[in-house]
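Lettering follows sequence order; numbering is per chain, from 1.
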Amino acid sequence: MITVWFALVVLCWVLFFVLEGFDFGVGLLAPVLGRDDHERGAVVRTVGPFWDGNEVWLVAAIGVTFAAFPAWYAALLSGLYLPMAALLLLLAVRGVALEFRGKGDGPRWRRRCDAALAASSAGIVLLWGAVLGVLTHGLALGPDGQVTGTGVGRSTAPLLSWAALAGAGAALFAALLIGATFVTLRTTGPVHQRARRLGGTLATGGAAALVAVGSGTGSRPALVAAVLCVGIAMLARSGREALAFGGTALGVAGAVVAVFTAHGDVVLRSTLDPAWSLTMAGAAATDSALRLISVAGVVVLPGVLVYQAFSYWVFRRRVASERVAS
Amino acid sequence: MDVLDLTRLQFAVVTIYHYFFVPLSISLAGAAAGLHLAWLRTGKQSHRQLTELVGKLLIVTFAVGVVTGLVQEFQFGMGWSAFARFYGDVFGPTLAIEGMLAFFLEATFLALWYFGWDRLPRKLHAATIVVVAVGTVLSAFIILAANSFMQNPVAYSLDPATGRAHLDDFGALLLNKVNLAAFPHTLAGAAMAGGSLLLAIGVWRLRAAGEAAFRTLAWLGAWLTLTGGALTALTGDHLGKVITQVQPMKMAAAEALYATTTGAPFSVFALGGPDGGRPFFSLEIPWLLSVLAKGDPNATVQGIDDLQAQYAAQYGPGSYIPMIPVAFWSFRLMIGIGMLAAAVAAYYLWSTRGNRPAHRLLVRFLPLIPILPAAANTFGWVFTETARQPWLAFGISRVADGISPGLTRAEVLVSLIGFAVVYGILAAVWLRLIRHLSRQPLAVPAPLTPADEQPAEREPVPVY
C-alpha cells in the first residue's frame, strides 16, 4: 500500500517536472528564439493553453505528498523553507507574466512581461534543480525530523553544495533542451528553424559534456544520459521532432525517478545520522487516509489524464511564426 | 515580534491576499457561464461581447488566484510543519483531493474555453465554461471543509501513542455542520464580490462609451450584488447559530459580552477602554444578540468570563480569550460594509428602473463599489480566524504548537518581505490590467465557423 502510494507521489512529481519543464524551457527560450515581439508571442503561445493545467500537477504532487506522507511533506518544506518561498514567488511572477502578456497595451508591456517570464523561468529551473540535487544528498535532519540552525542560513545552506550546483546545472540544460524540442514540435516558420537547430546543438553539446563527466567520475547515470543525448541529437537533426521531444521527456522523467529513489525506502536522508533519516513507512499516513486517497487517485487521476490529453489534441495545430504580408 | 507572531502575520497576509481573488474567480466563472448560455439561447451579439469581456477579467484574476493559491498548499509544511505532522492524515487529503478533483478541472477547462472559441463545437464549448464554474464551487466546498475542521474538528480520532490524528470518515469531514453553513455563506459573499465588479465596470463604461451592452452588465452586476447580500444575511444568521454551538467564545467575543446574559442585546457601536476591555458607551438593540445566537430573544448567551473559567478547567491554565476589539469590530464591519454594498446595488436598480438614467453622484462613485464586498469578505475571514485563537484546530491544537520547530525569525522576516513586495507589485499590475481590459471597446466577434471547416493551410500535428 505504502509503496503504491510512493509510486503515485513520484508519478505526480514526474508529470510536473516533465510538463512544466517544457513550460519553463519555453519561458527561458522566448527571448532567444523570438527575435521580435511577434516571434516571441509565437513562442509563448505554444504553451498558452497548457501551462496552467501543467502547473496543477505541482498542486497535485504537493497535495498527494502531504496526504500520503505528512512527515515527509513537513520535513522537506520546513527544512527548505527559504528556497521554497523563493520558488513560490518566482512561480507567481512566471504565471502572471505568461497570462498577462497578451492582455496589456502595447509592445513595451509585452517586452516587460517577456523579460519577467524569462528571468523567473531561469530562477525556477535553477532552484528546482538545486532542490533536487539537495534531495540526492539529504538534509541535516535531527531526531525529530527537523532541520535546526540559526538565521537565514538554516534553510539556505544546503543550496551551497556541489550536489545543489550540479542539480541546478543539469536542470538548466534539461529545461533548455525540452523547451527547444517542444517549440520545434509546436511551431512553423523561422522560430521553428531556430528551435530545431538549437535542439540539435544542445543535445550534441550535452552528450559531449555528459561523456566527460561520466568518464571522469564513473557515474553510470551520466553515461546513460549521454547515450540518450546522442539519440536525441540524431533524432533532432533528422527532423524526427516528436521522437526528439519524447526522448527528452523520457530523460527528464528518468532523472526525477532516479532522484526520488536514490536511497531506496529512505525518502529523505539525514546527513547527520542515518538513524534520523525519514523512511517511507515512518513518514506515511495511516491506512484509512491512504485508502481514501487511493480511491480518489484511481478514480480521478485517469480522468484528469484523459481530459488533459484532449486539451492537447484540441490545440494540436502548430503556431505560425511567419509574418503575414500585409 | 517573535518567530510565532511573524509566521502568523505572514499566513494572514498571504491568505487575505489570496482571498481577494478567490471570490472574484468563483463569481466571474459563474457570470461567464451564465452569459455564454444566454448568448447560446438568444444569439444576441451583446451577450457574446460581454461573455468575452467577463472571460478576460476571469482569466487574469484566475491567474493571480492560482499562483497565490499554490503558496497556500506549501504554507502548512513550510511554516506549520508540526501541525502538518500531527494533523496531516486529516488535513492533507482535503488538499490533495481538492487539487485532483477540482483544480485540474478549472485550469484545464478554462484554457479549453478561453482558447477554444473556434476550435470546439458550439455546445461542447459552452459546456467547458460550465465545467469551470462547477469546478470553482467544488473547490470552495472541499477547501472550506479543511477550514471547518479547524473551527470544529470532526471525523478524527487521536492516536494516544503518537499524538497524531487519524481520519475516520471523509464523508463526515466534508459534511461538517460548520462547512454546511459556511459554504453557502462564502458563495453568497463571492457573488457580491464579482457582482460589484461587473456593476462598477458597467456603470463606468456606460458613462464613457454609452454602449447599451454595458447597461446589461451593470444590471447583472447589481442583481448579483443584491441577491448575494440578501443570501449572506440569511446564511450568516444560520452560521452564527452553528458557531454559537461549537465555539461559544467566538460569538461572545463578537459582542464583547463578558457576563453571561439572558436576553442579550447587540451593540451597533461601542466605545471601549484603551485596553479593549468593557465598553463605557454602547448603542444597543435589546435582545438581538440572543436572537442572532440562538433564535430566541430570551435565550441565555454565555459570556467571556464564564467561558474562560470553563475552558481553563477543561484544557488547563492559560488565556482562551481572543483579541476582543478585533473580533468586535471585524464582525460589525463585515455586516455593515456588506449590507452597504447590497443597499447601493438595490438603490441603483431602483433608480434606473425603466431605463431611467442613474444619478450623477451614483455614477461617479459606483466604480468604487468593488472595494466594499472585498472589505466585507476580508473582515469576515479576519473575524473567523482571529476569534478562534488561541486554537489552530479548536479544542485540540494550539497555534503556538503548530509552528515549524526549527524555523528562525530571520527566515520568516525575509520571506514576509518577499511576499509583501511581490504581492504588492502583482496587485498593482492586476488592477492596471483590469482597468485596461474594461476600457477596451467591445470586440465585434468574427462569425464562427464550425471546427471542422477550419481553413486547412497547415496540417494538424498531434503533440502527443
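For the side-chain contact (heavy atoms from CB on, under 4.5 Å) test, residues two or more places apart in sequence or in another chain that qualify with A:Arg45 are A:Ala42, A:Val319. Under the rule for a side-chain contact (heavy atoms from CB on, under 4.5 Å), A:Thr148 has no partner lying at least two apart in sequence or in another chain.
The distance from atom CZ of B:Phe74 to atom CG of A:Leu91, rounded to the nearest 0.5 Å, is 7.5 Å. With rounding to the nearest 0.5 angstrom, the CG atom of B:Leu173 is 9.0 Å from the CG atom of A:Leu292. Of the inter-residue distances, the one linking B:Thr128 atom OG1 with A:Phe310 atom CZ reads 9.0 Å to the nearest 0.5 angstrom. Residue A:Ser155 holds its OG atom at 8.5 Å from CE of B:Met78, rounded to the nearest 0.5 Å. Taking CG of B:Leu110 as the start and OG of A:Ser311 as the end, the distance is 11.0 Å to the nearest 0.5 Å. In this structure, the separation between CG on A:Leu82 and OG1 on B:Thr408 is 7.0 Å, given to the nearest 0.5 Å.
For A:Ala75, the parts lying near chain B are the backbone and the side chain together; criterion is any non-hydrogen pair under 4.5 Å. Contacts of B:Phe86 with chain A are absent, with no heavy-atom separation under 4.5 Å from either backbone or side chain. Contact annotation for B:Leu167: both backbone and side-chain heavy atoms come within less than 4.5 Å of a heavy atom of chain A. For B:Phe419, the parts lying under 4.5 angstrom from a heavy atom of chain A are both the backbone and the side chain. At a 4.5 Å heavy-atom cutoff, A:Trp72 makes no contact with chain B through either its backbone or its side chain. Only the side chain of A:Val93 comes within less than 4.5 Å of a heavy atom in chain B; its backbone stays farther off. At a 4.5 Å heavy-atom cutoff, the contact between A:Val304 and chain B is made by side-chain atoms alone. Of the atoms belonging to B:Leu105, heavy atoms from both backbone and side chain fall under 4.5 Å from chain A. Proximity to chain A involves both the backbone and the side chain of B:Val412, based on heavy atoms less than 4.5 angstrom apart. Heavy-atom distances place the backbone of A:Thr150, and not its side chain, under 4.5 Å from chain B. When heavy atoms are compared at a cutoff of 4.5 Å, B:Trp80 does not approach chain A at all. Heavy atoms of B:Leu416 lying under 4.5 Å from chain A are absent altogether.
Counting heavy-atom pairs under 4.5 Å between each of B:Glu106, B:Gln440, B:Glu73 and chain A puts B:Glu73 at the top. When the candidates B:Ala111, B:Gly406, B:Ala63 are compared by the number of heavy-atom contacts under 4.5 Å with chain A, B:Gly406 comes out ahead. Counting heavy-atom pairs closer than 4.5 Å to chain A, the top-ranked of the candidates B:Leu95, B:Leu70, B:Val422 is B:Leu70. If you tally non-hydrogen atom pairs under 4.5 Å between each of A:Thr65, A:Asp144, A:Asn54, A:Leu58 and chain B, the highest count goes to A:Leu58. In terms of non-hydrogen atom pairs under 4.5 Å with chain B, the most contact-rich of A:Gly79, A:Ala92, A:Ala85 is A:Ala92. Comparing B:Ala96, B:Gly99, B:Ala410 by how many heavy-atom pairs each has under 4.5 Å with chain A, the most go to B:Ala96. Ranked by non-hydrogen atom pairs under 4.5 Å with chain B, the options A:Val299, A:Asp287, A:Leu89 are led by A:Leu89. When each of A:Ile62, A:Leu301, A:Ile293 is scored by its heavy-atom pairs under 4.5 Å with chain B, the top score falls to A:Ile62. With respect to chain A, the highest number of heavy-atom pairs below 4.5 Å among B:Lys56, B:Arg409, B:Arg432 belongs to B:Arg432. Chain A forms more heavy-atom pairs under 4.5 Å with one residue of B:Gly77, B:Pro93, B:Gly79 than with any other, namely B:Gly77.
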Stepwise side chain to side chain contact (heavy atoms under 4.5 Å, CB included) check, B:Leu407 with A:Arg154: CA-CA 8 Å; B:Leu407 202 59; A:Arg154 184 189 73 97; 3.6 Å; yes
Please walk me through it: do B:Ile97 and A:Val300 pass side chain to side chain contact (heavy atoms under 4.5 Å, CB included)? CA-CA 9 Å; B:Ile97 288 174; A:Val300 178; over 6 Å; no
I'd like to know whether B:Phe76 forms a side chain to side chain contact (heavy atoms under 4.5 Å, CB included) with A:Leu77, so could you lay out the CA-CA distance, the side-chain angles of the two residues, the decisive distance to 0.1 Å, and finally the verdict. CA-CA 9 Å; B:Phe76 296 101; A:Leu77 294 187; over 6 Å; no
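The shortest distance between side-chain heavy atoms of B:Leu426 and A:Phe100 does not fall below 4.5 Å. Within the 4.5 Å cutoff, no side-chain heavy atoms of A:Val59 are placed close to those of B:Phe104. Residues B:Val66 and A:Glu99 are not in side-chain contact: their nearest non-hydrogen atoms beyond the backbone lie 4.5 Å or more apart.
For A:Arg240, the CZ atom sits in a loose shell: 12 or fewer heavy atoms of surrounding residues, nucleotides or ligands are nearer than 6.0 Å.
Heavy-atom minimum distance, A:Ala284 versus B:Arg164: O-NH2, 3.3 Å. Scanning both residues, A:Lys103 and B:Leu433, for their nearest heavy atoms gives O-CD1, 3.3 Å. The minimum heavy-atom distance linking A:Gln146 with B:Ser81 is given by the pair NE2-OG, 3.1 Å.
In the model, B:Ser415 has a side-chain atom that pairs as donor or acceptor with a side-chain atom of A:Tyr81 under 3.5 Å.
Between B:Phe91 and A:Phe66, the ring planes lie tilted relative to each other; the angle falls in the 30° to 60° range.
Under a 3.5 Å cut-off, the side chain of B:Asp89 and the backbone N or O of A:Ala289 do not form any donor-acceptor pair.
Here the two rings, on B:Phe109 and A:Tyr307, have centers that are under 6.0 Å apart.
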